[in-house]
Each structure stands twice: as structure tokens, then as C-alpha cells.
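Naming convention: chains lettered A, B, ... in sequence-line order (proteins, then strands); numbering from 1 in each chain. Owing to the predicted nature of the structure, the values given are computational and were not obtained by experimental measurement.
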Amino acid sequence: MEKTTDYLNTLNDVQKNAVTQSNGPVLVVAGPGSGKTRVLTYRIAHHIHSGVRPDSILALTFTNKAAREMKSRIEEVVGPSAKRVWAGTFHSIFARILRVEAHQIGYSSNFTIYDTDDSKALISSIIKELNLNKEQYNANSIRSRISSAKSSLITPVLYTKNEELLLQDKQNNRPAFKDIYAAYVARCKRSDAMDFDDLLYRMFELLQVNPDNVLDKYREKFQYLLVDEFQDTNHLQYGIVRKLCHYEGSPRNICVVGDDAQSIYGFRGATIQNILDFEKDFQPFGIMVFKLEQNYRSTEHIVQAANEVINFNTRQIQKKIWSDKGQGEKIKLIKALADTEEGKRVVDHLVEQKNRFHFKNIDFAILYRTNAQSRIFEEYLRRYNIPYKVFGGQSFYQRKEIKDLLAYLRLAVNPNDDEALRRVINFPKRNIGNTTFNKIAEKAASLNLPFFQVINQSGLSNRAANTLMQFAALIQDFHTKTTTLNAYELGYFIAKRSGIIDEYKKDKTPEGEGRLENLNALLDGIKIFVEDDLVEENEEGISLDKSLSSYLQNIALITDFDQEEGEVDRVTLMSVHSAKGLEFKSVFVVGLEEKLFPSFMSLEKIDDIDEERRLFYVAITRAEQLLTLSWAASRYKFGQMRYNEPSRFLEEIPEIHFENKPKSNSLFSETTTPTTGSSIKGYFKKEPNFNAQDFGIDPNNFKPSPAASIQPGMDILHLKFGRGTVQSIDGGAANKVATIRFEHLDQPEKRIMLKFAKLQIVE
DNA sequence: GTTGGTATCTGTGGA
DNA sequence: AGATACCAAC
């Protein structure tokens, strides 16, 4: 096995030390592009080469993609035994363990996994049942508060004992939160369902309560632990990790890798505190700290700009990221007047770069703060015939038709799944309306049983009772077949037998056809799941499980992101959050405006601004060679035009790293366009071919009227053409075009797109 | 119970 | 602007 240490020669000294320091606690602080994944994978490979059993290694990541990548890279070094390493996301690994141990904590191994929509629906119905005001009790805020309670290990019982939390609820005018929380947990339990947080929380509970000594079982099993993206773990996740390796007599073979500067999931409970706690907890056991500071990804202007930006954050682990890839190109800045113009100019730049540097589409990414921003870039990319792929947004599994079929599948596996039942009890239509359903719900509540178990009970009209009986028989039939059919056979059977396929076949619109295609795609997916025999080959028990139950638990934790895309040459469009861990030759970070990036939600608290800054840091460090930043002075939000100031983050990058950053006053004051219109000047300076004053319009007092208010017959002022009269308006709602007559012009009739125009009505 | 219209909210981020 | 949620009329 002389080949074994070849891989060490590809590492720098720090990386090598982090890889070979096999025993005891290790903290790796890894800057962007510093070879973090290499360290993790080689470290695991190194364990295996040193004789560690692959299945005693547990590597936890945040995304399936990261896990998959890790596995395949380990396999390159050590061969097929890499498959037996327990590498996966927190959620998927724990789901897998819980499936085996569920009975220990009052669940069945067929438990359902509620996604966010299920949770929200359940919370809404609880709010309704408790006769609470739904404005006062916003389901989304309730859900996220429940999530943070669970992530902080606060059960409903502990919650009611916590004066501080109760006081907060009182101050927020939500005194009944504790009741909603308790009801929510009970209802999930009643339905044999776990939400995403439960997969972590119940795992912790399992180890805490320790029935049948499971704790020892897993402590012995997992001798070597690794955690990727440690800065994104929450208190609960660290709690579980600590249970597994921080105890009397433990070898404490744990390695966590993270970068405090890239912590961007504070909103879901992630805390950098975990890094500090980790150091403290393992200090007495000879913790080794390694800092990976050399960036192998980006050229120097980019790296230095990133360093400068992140320095505005006060609390951080000191490190200096550097690159030896040469100065490289300076950063480009695009300043646009409006969101649409931003779209056009970004795509123009992209095309230009593509030609100049001979890049392929796949070398480019357009990164934005919110998914809603993708639309305009898509428009221009399509117009220029550039293939692209949008990541994020509504996922395949969130489409209505997919959720419908999945709900039936879920019911077949677990008839007690109340949220699934609620979804399909009257779809396709079988005349079971709210009245009937409410009776069922009441009955269920009074007996504390799942809906399905009270479906045949009393108090209903004959007609309703009859229909319900048929429905129950249908589900029962599906349920029985779960033991005889595999996932695909059953999926196909259910799709037909439930009437879903027929229902969507009735819809002859292109939309309906699309839905049908999606349903087929889902069934194909199930088929692939069934036919794929590359699944786990573990020594203990996790055999090739092709059951529907197993399928459902798998997909519940999968995102579109995980769908393998063949080698298609497309431009990537995604949120900055989803871009973490990726790299592109050329990156466009767009929408760099105050209230957007940084997000308006973050403006109040300095900690939140710091998180936005880390997000920006993540964004710019995705770029290898070219970085282009853009912002728009105005954009539509809620169907209304908003005027924006450039992001503070632009100012935080020193001018020397910019190719074309205008003097700061022209960038940051002249073009800002507050409602007074006083600073619209900057724009006019760039348009020397006209002078607004000529028409007696003072740009400082120019107030564009909303496009919707423009009507035929009105006299209007246009900044460029002066005073005119609206002749007519035509075109669809989104693309209204006004024909306006400006008498004083040589060609008086102008056709003006209302969407883009700035017109002020003359009173 | 279903249908169609209107009111309301959203659009930080994601497993 | 677009989706969803709710309500009144059928």
C-alpha cells in the first residue's frame, strides 16, 4: 500500500497537518477556496488507510450535494469501501437512524416527514381551532418561533416554565403561543409525523432518554466524527454531536471544519457560538486548531476586496486570506437606472466577457439576494438565446400536482398522516366539503386520534358517511398493498386508482399537460429509486429497501439542487445562499442596494447586518477570475416602483479594486433617488443629448406618477420629451403602451412603454 | 358543497 | 404583480 500517502503530497503544510492529525479534537478554520473539502475527504481517506472501519466514520454535512461529493472523492482515494462511510446531511443521517429506533420514542418506522408547508398548514389549523386571530398569530412567525424553540432544546413543557419567553410572547401580543406550540407537537406525534426540526430534536431526545442503551450503541459505532460547515450548526445539532463524542472515556476523535466568516444561516438558529463553545469544550483534551488561509480559487483583487469587506465585522476569528494567483482583473461595477436596465446590462456584460475570455455559459453565475430577482435576468438571457438554469424558487416537490400524489402515497404508508389526508380527502372532488371535514376534525380532537381513525364515525349525513367510507376503503386498500408492492408499482397504482391522473387529464390546457408530465416525471423518479441498486450496502441491517416508505423518507430530504444535471452548458442563476461552496470563473452579484442586499429585515440589528455582510463575502468569493457587481436605482416591488440607494457593501470595497468605480460622490450621492427626486441629477449628467430644463421641467421637483394612473386624454410631462398629451393606451396589463403626442417635436407621436416610462401628470 | 370573485399578503434565506 | 385565502352567491 505504498500508494496510500500519495494524496498527502498534493496538500500544503497546514492542510497536511489537519489531515494527519487523526486522533483527538480538531478545529479547522477554512477560508473560502482554501481546500476545505480536500481536507475533509483526505482526512477520511487517511482514517481508512490507517485501518479505521469505514462504517465507524460519521461525516455530517448540510447538503446532499456536499455529502455526495465527499463520498465520491473518498472513493477515488480508497475505493469502494468509501460507500460504507456514514456521510450525509444531518437530517438524512438522523432520519436513517430514527427509522431504526423510532419505536424507542413512540414513533413507527414509517413515520412521515412534514415539510415546511405541512407544518404551516397544521399551525394554521391549530390557530383556527383555538379561535385565535390569524393576523395576531401569523402562521409563519409561529412556525419559525417553534423552530427556534426546538433548536434551543426547549420543549413545550419547558417553554411554559420559562418566564422570559412567556414575557416575550406577552409583549409580542401572542400570549397563546405556548398553547399553539404544545398543540403542534401533540398533533405531529398523533400523526406519526416529524418536521425537519424533529429529525434533529427527536434524535437528541433518543440519545438523551437513552432507552435500551442506544447511546452507547451509537457512541461505539461512530468512533470518528466530522462536521462540515460547522459555522452553520445550531445549538441542537452541536448538542447531538457532543452527545456522541464528548463523554468520559471518549477518544474524542472529532474534526469540525468551518469558517465563521461564512456563517449565513443565523436565521435558522445557526450560531458561531458553537465554534467558540467547541474550542472551550475540547480545550482540556488537546484540541488542535488549523487555519487554512491560502485561497486557491480567486485572483488577488477579489480576495483582497473580500478581506476588506469582512473586516467591517467586528466579531470574528482573526485570519488573513491570501492568494498567489496574481492580481487578475479588477472588479467591475454596473450602475443601472432600473431593475430592467440592470438585467439588460448584466447580460450584455456577460456576453461581452464570454467573447473576450472565451468562457462557456457554465463558467458564469448570476447571484442575487432573493429568488424573486431571477425573472428579469431570465428574460434577457432568453432574448439573447443563452441557456440558463434557475436554482431554488419553487421546487419540483412543491408543485401542486406532485404534492397531491405524494399526499396519497404518504397516506398509503401512514394513514394517520393528517396533513396528507386533509390535502386529498376532497381531491379529486368527492363532495366532502368543509362542514364534513370539520366534523371529523372535531371528533379527532375530542378523542385525540388521527383523522383517519375517526373517519367512519357518526353524526354525518348518509351521503357524507357513504363517501367517507369509500375514501377510507380506498386508502386502506393502498395501505394494505404497501406490503406487497414496491414503491413504483404502488405509486403507479395509486396515481391511477386515486383518480389524480384522470383529474389532470381532463385539463387540456398546456398547464394541465405540464402537470401530467410532472406526475409522470415523479413516477419515473420512483422507478429510478426502485431500480437503482447502488444504494447502501451496509453491514448492519439497512438493506435494499425499495418500499414506498423508504422512498418517501428519501425524497422528503431532497431538494431540486440534488437533481443531477448532465453536462449542460448553462448560465447559473441562484441565490447567494445556495451558491455557498460553489465557484465560477465569472460571477455577477446583482441587486446591491440598501434594503435588498443588505435585506430590509436586517437593517435594525447590527448582528443581522453582519450576517448580510458575511453573505456578501460568500457571494464575492465565489468568483475565480471575474467579478461584476451591479445595482439599480429603482426596481419594482409589490408592483410598485421603489427607489434604492446603492448597498453600503459597495462602499466597503476600496476603490483600487474597482476597474470603473466612479468617485464615491457620484456613485453614492448623485444617483440616489429618494422620493423628493432631488438627486436624480446624476443620471441626467450621463445623458448629455438633452436637457430637462429646456422644457421647463425641474428634475429636482419631478415626481413621476404611477404608471397605472396614466389615462388617455391626460396631459403629462416626460423628462426627455417635455409636455404631451396621452392619445391612447393599448397592450396587455403587463406591457401597456401609451401613444403620446408631443406637439413641439418633429415627430410628435411617441409610443412609450408605461412600465419603463416616468411620466408626471399635469394637474 | 361548489363556484367565482374579492381581499390580502407576499418577496430574505433552506433542509 | 401574482398567489393564496376567504367569503358571498349559486
Side-chain angles (χ1 to χ4, degrees), chain A residues 60-67 88-95 113-117 119-121 124-125 128 134-135 138-140 143-144 147 151 194-200 229 232-234 237 263-270 367-375 391-395 397-398 400 426-427 429-438 461 463-464 467 554-562 574-580 591 595-603 608-609 611-612 614-615 618-619 635-642 706-708 732-736 755:
Chain A
L60 297 167
T61 65
F62 274 83
T63 62
N64 297 300
K65 191 164 170 253
T89 63
F90 280 89
H91 291 86
S92 69
I93 296 279
F94 296 163
I113 297 174
Y114 276 175
D115 68 15
T116 311
D117 292 338
S119 300
K120 204 180 144 192
S124 296
S125 69
K128 210 176 206 172
K134 67 176 173 5
E135 275 89 57
N138 172 289
N140 270 326
R143 198 188 57 76
S144 86
S147 174
S151 305
M194 298 195 199
D195 66 16
F196 288 134
D197 298 311
D198 285 332
L199 292 175
L200 309 178
E229 308 279 13
D232 289 335
T233 53
N234 62 32
Q237 285 163 320
S263 167
I264 55 174
Y265 286 104
F267 69 91
R268 64 182 197 210
L367 308 181
Y368 33 75
R369 180 64 181 83
T370 67
N371 283 314
Q373 287 165 256
S374 72
R375 215 200 70 238
F391 292 82
Q394 207 199 21
S395 94
Y397 296 100
Q398 285 174 324
K400 181 187 177 314
N426 198 30
F427 184 86
K429 294 250 152 55
R430 44 175 76 87
N431 295 324
I432 302 172
N434 280 335
T435 322
T436 308
F437 184 76
N438 286 340
S461 70
R463 190 175 63 98
T467 327
N554 263 287
I555 60 149
L557 302 170
I558 275 185
T559 60
D560 282 5
F561 225 172
D562 301 317
M574 59 169 59
S575 70
V576 181
H577 278 91
S578 18
K580 188 157 77 150
K595 299 183 190 169
L596 180 60
F597 198 176
S599 150
F600 70 100
M601 299 288 288
S602 70
L603 295 179
D608 291 352
I609 287 281
E611 178 152 319
E612 295 286 315
R614 292 192 294 267
L615 190 57
V618 168
R635 77 173 60 239
Y636 274 94
K637 195 182 177 183
F638 297 141
Q640 262 192 327
M641 177 80 92
R642 305 290 173 95
N735 294 305
K736 280 197 180 135
K755 197 157 57 168

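Checked for salt-bridge contact, A:Arg143 and A:Asp195 miss the test: no charged N lies under 4.0 Å from a carboxylate O.
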Between the protein and nucleotides 2-4 of chain B, which nitrogen or oxygen pairs come in under 3.5 angstrom?
from  : atom 1 : to       : atom 2 : distance (Å)
B:dT2 : OP1    : A:Asn431 : N      : 3.3
B:dT2 : OP1    : A:Asn431 : OD1    : 3.2
B:dT2 : OP2    : A:Asn426 : ND2    : 3.4
B:dT3 : OP2    : A:Lys429 : NZ     : 3.4

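Atom CZ of A:Phe267 and atom P of B:dG11 are 13 Å apart (whole Å). Atom CZ in A:Phe600 sits roughly 10 Å away from atom P in B:dG13 (whole-Å rounding). The interatomic distance linking A:Leu199 (CG) with B:dA15 (C1') rounds to 9 Å, in whole Å. Distance NE2 (A:His577) to C1' (B:dG11): 14 Å, rounded to an integer number of Å. Atom CG of A:Asp197 is separated from atom P of B:dA15 by 13 Å (rounded to the nearest Å). The CG atom of A:Leu367 sits 12 Å away from the P atom of B:dG14 (whole-angstrom rounding). One can place CD of A:Gln237 at 9 Å from C1' of B:dA15, the figure rounded to the nearest angstrom. Straight-line distance from the CD atom of A:Glu612 to the C1' atom of B:dG13: 9 Å, rounded to whole Å.
Under the rule for a side-chain contact (heavy atoms from CB on, under 4.5 Å), the partners of A:Ala67 that lie at least two apart in sequence or sit in another chain are A:Thr61. Annotation: salt bridge (Lys or Arg N to Asp or Glu O under 4.0 Å) contacts of A:Lys400 (sequence neighbours excluded): A:Asp404.
Closest-nucleotide positions on DNA chain B for A:Asn140 and A:Arg463 were compared, and the one nearer the 5' end corresponds to A:Arg463. Heavy-atom nearest nucleotides on DNA chain B were determined for A:Phe437 and for A:Ser147, and the one closer to the 5' end corresponds to A:Phe437.
In this structure, A:Phe90 does not pack face-to-face on the six-membered ring of B:dA15, missing the 5.5 Å centre cutoff or the 30° plane limit.
Counting non-hydrogen atoms under 4.0 angstrom, A:Arg614 reaches nothing in the nucleic acid. Within the nucleic acid shown, A:Phe597 has no heavy atom closer than 4.0 Å to any nucleic acid atom.
Of the candidate nucleotides B:dT10, B:dG13, B:dA15, B:dT10 has the atom nearest to the side chain of A:Asn138. For A:Ser578, taking side-chain heavy atoms from C-beta onward, the closest of the listed nucleotides B:dG14, B:dG11, B:dG13 is B:dG14. Comparing atom distances between the A:Ala372 side chain and each of B:dG13, B:dG11, B:dA15 picks out B:dG11 as nearest.
Using bins of under 30°, 30° to 60° and over 60° for the plane-to-plane angle, the ring pair A:Phe90/A:Phe62 lands in the tilted bin. Classification of the A:Tyr265-A:His577 ring pair by plane angle, with boundaries at 30° and 60°, yields tilted.
Remark: the A:Thr116 side chain and the B:dA15 base include a donor-acceptor N/O pair separated by less than 3.5 Å.
A close approach under 4.0 Å does not occur between any side-chain nitrogen or oxygen of A:Ser599 and OP1 or OP2 of B:dG13. For A:Asn371, a side-chain nitrogen or oxygen approaches OP1 or OP2 of B:dG13 to under 4.0 Å.
Side-chain atoms of A:Ser124 come within 3.5 Å of backbone atoms of A:Lys120 as a donor-acceptor pair (strictly under, hydrogens ignored). Side-chain atoms of A:Asn64 come within 3.5 Å of backbone N or O of A:Leu557 as a donor-acceptor pair.
Remark: A:Ser147 OG to A:Phe267 CZ distance equals 10.0 Å, nearest 0.5 Å.
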